[in-house]
Amino acid sequence: MPKEMLTVVDRPLIQYAVDEAREAGIEHFVFVTGRNKGVIEDHFDRQFELEATLESRGKTQALEALRQDLPSAGRTSFTRQQEPLGLGHAVWCARDIVGDNPFALLLPDMLFKGQPGVLRQMMDAYEETGGNVIAVEEVPDSEVSAYGVVARGEGPDAGFRVTGMVEKPRREAAPSNLIISGRYILQPEIFALLADQPRGAGGEIQLTDAMQTLMSRQPFTGVKYRGRSFDCGAKIGFLTANVVYALDRDDIRPGFLKELAKLEIGGALAAAAE
C-alpha cells in the first residue's frame with residue numbers, strides 16, 4: 001500500500017493534497033509515482049461499476065461526492081520516478097510535463113490543516129512577491145537538526161524574505177527554528193539545476209541543495225502558515241491526524257467522543273505519566 005493512499009478518516013492522503021491544490025487554484029495535477037503505486041492513478045479514474053451501483057441504490061449524495069473528488073478529464077498527468085534518488089530527482093522527473101512554468105509542489109504524506117489551506121496562503125504571498133515560496137513552521141530548538149531550516153529576513157509571517165537555508169544543521173548552528181515544510185512554489189529554472197545537481201545526503205539528489213543555488217539568482221519568500229501539520233509518514237503523526245480530523249466531522253464527532261470516553265483515555269494517560 002503506497003503511503004499516499006493511507007486514509008485519514010475516510011479519504012486517502014493524496015486526495016487531501018489534491019483538494020488543497022484545487023482550493024489554491026491549481027488546474028493541472030502531475031503525479032510522480034513509482035513501482036507498485038498504480039493504485040494512485042486508479043484512484044483518480046472513473047469507477048463505472050461503483051457509480052452504477054450507487055446510482056441504482058439511490059445513493060445520490062455519495063455519488064456526487066465521488067465525482068467531485070475527481071479532477072476533470074485531461075487535468076491529470078502521471079510520470080514515474082524509476083530510481084529512489086530523493087525528492088530533487090522526483091521533481092526533475094516532472095520537467096517535461098511542467099515545462100517552462102512555475103509550479104506548486106506538495107508532499108502528500110505531510111497533511112496540513114488550515115483555513116484557508118496552506119497552499120492558498122502561499123499563493124496569496126506569491127501574488128505579492130513572485131519568485132519562489134516555501135511554507136515554514138516553528139519547532140523546538142532541540143529538533144532543528146532533523147530538518148531543513150531557513151534564515152529569516154524582513155517581512156511578516158505571511159510573507160518574509162528568506163536569506164538562507166541549511167539542511168539538518170547542528171542546533172547551535174541553526175539560523176532559526178523555522179523548518180521547511182512539505183509545500184513549495186518554485187520557478188522552472190530549478191529543473192536545470194536539478195539536472196546537474198550532485199548527490200547529497202544519503203546519496204540522493206536533494207531539492208534543498210538546488211534551492212540554495214537558485215536563491216543566489218531568484219528571491220525566496222517564506223510563509224509561516226496558519227494551521228497545523230501532521231507527518232503521516234510517522235505513526236504518531238498519522239494517528240493524531242485521524243483523531244483531529246474525526247473530531248472535526250459533525251457526522252463522526254459525537255459517536256467518536258463516546259467511544260473515546262469508554263476507553264477512559266484520560267485516566268490511562270494520567271497513569272502512564274505517573
Side-chain angles (χ1 to χ4, degrees), residues 1-24 26 29 31 37 39-40 42-47 49-71 106-122 135-140 143 146-147 179 181-183 224-274:
M1 170 67 74
K3 62 182 178 181
E4 296 90 345
M5 291 301 295
L6 292 174
T7 55
V8 171
V9 184
D10 56 5
R11 298 167 71 77
L13 289 169
I14 192 73
Q15 186 67 56
Y16 286 102
V18 167
D19 292 344
E20 181 185 336
R22 185 184 283 156
E23 178 198 13
I26 299 299
F29 305 88
F31 300 87
K37 293 192 176 185
V39 65
I40 296 175
D42 291 340
H43 174 74
F44 291 103
D45 201 356
R46 293 283 301 274
Q47 302 178 53
E49 297 85 353
L50 177 58
E51 291 182 18
T53 299
L54 291 174
E55 189 168 13
S56 67
R57 295 179 180 178
K59 296 185 176 182
T60 55
Q61 187 174 357
L63 179 60
E64 182 61 25
L66 179 68
R67 289 173 173 169
Q68 286 180 350
D69 284 346
L70 296 179
L106 298 87
L107 308 185
D109 55 339
M110 291 298 299
L111 178 60
F112 292 83
K113 189 171 182 59
Q115 189 60 40
V118 170
L119 189 58
R120 178 66 262 174
Q121 296 177 42
M122 295 170 65
V136 302
E137 63 180 278
E138 218 170 348
V139 299
E143 298 180 12
Y147 302 97
I179 66 167
S181 299
R183 298 292 185 269
K224 185 181 175 185
Y225 64 86
R226 304 181 304 278
R228 182 176 180 182
S229 69
F230 304 91
D231 180 3
C232 291
K235 295 181 180 68
I236 298 299
F238 176 67
L239 293 170
T240 304
N242 271 279
V243 172
V244 171
Y245 274 76
L247 291 175
D248 196 43
R249 288 269 297 267
D250 292 339
D251 60 328
I252 295 176
R253 178 184 173 88
F256 190 39
L257 284 174
K258 289 180 181 178
E259 293 301 319
L260 291 176
K262 292 178 185 177
L263 297 175
E264 299 181 350
I265 287 181
L269 290 176
E274 293 174 358

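Residue numbers count from 1 along this sequence. Remember, predicted model here, so these are calculated numbers, not experimental data.
A distance of 4.5 Å separates CD in Q15 from CG in D19, rounded to the nearest 0.5 Å. Taken from CD1 in I179 to CD in E143, the straight-line distance is 8.0 Å, to the nearest 0.5 Å. The line from CG of D109 to CZ of F238 is 12.0 Å long, rounded to the nearest 0.5 Å. Summarising the geometry, atom NZ belonging to K262 is positioned 10.5 Å from atom CG belonging to L260; distances are rounded to the nearest 0.5 Å.
Taking F112 as the reference, Y225 meet the ring-ring contact (aromatic ring centres under 6.0 Å, His included) condition, with sequence neighbours excluded. Residues that satisfy the side-chain contact (heavy atoms from CB on, under 4.5 Å) test with P254, not counting sequence neighbours, are absent from this structure.
Across all their heavy atoms, R183 and L107 have their closest contact at NH1-O, 3.1 Å. Closest non-hydrogen pair, M5 versus P12, comes out as O-CB, 3.8 Å. For the pair L111 and A241, the tightest heavy-atom approach, listed with the atom from each and the gap, is CD2-CB, 4.1 Å. Shortest non-hydrogen contact noted between L6 and C232 is CD1-O, 4.5 Å. What you find for P2 and I40 is that their closest heavy atoms are CB-CD1, 4.4 Å.
The shortest side-chain heavy-atom distance between L119 and E23 does not fall under the 4.5 Å cut-off. The shortest side-chain heavy-atom distance between V243 and F256 falls under the 4.5 Å cut-off. In this structure the side chain of F29 reaches within 4.5 angstrom of the side chain of R22, judged on heavy atoms. For the pair I14 and F31, the minimum side-chain heavy-atom distance is below 4.5 Å. Looking only at side-chain heavy atoms (C-beta outward), D231 and M110 come within less than 4.5 Å of each other. Between V118 and E20 there is a side-chain heavy-atom pair separated by less than 4.5 Å. Two residues are said to be in side-chain contact when any heavy atoms from C-beta on lie closer than 4.5 Å; L257 and R253 meet this criterion. Between P116 and Q121, the closest side-chain pair of non-hydrogen atoms falls below 4.5 Å.
Screening residues 233-248 for side-chain hydrogen bond (donor to acceptor under 3.5 Å, both in side chains), with sequence neighbours left out, gives K113-D248.
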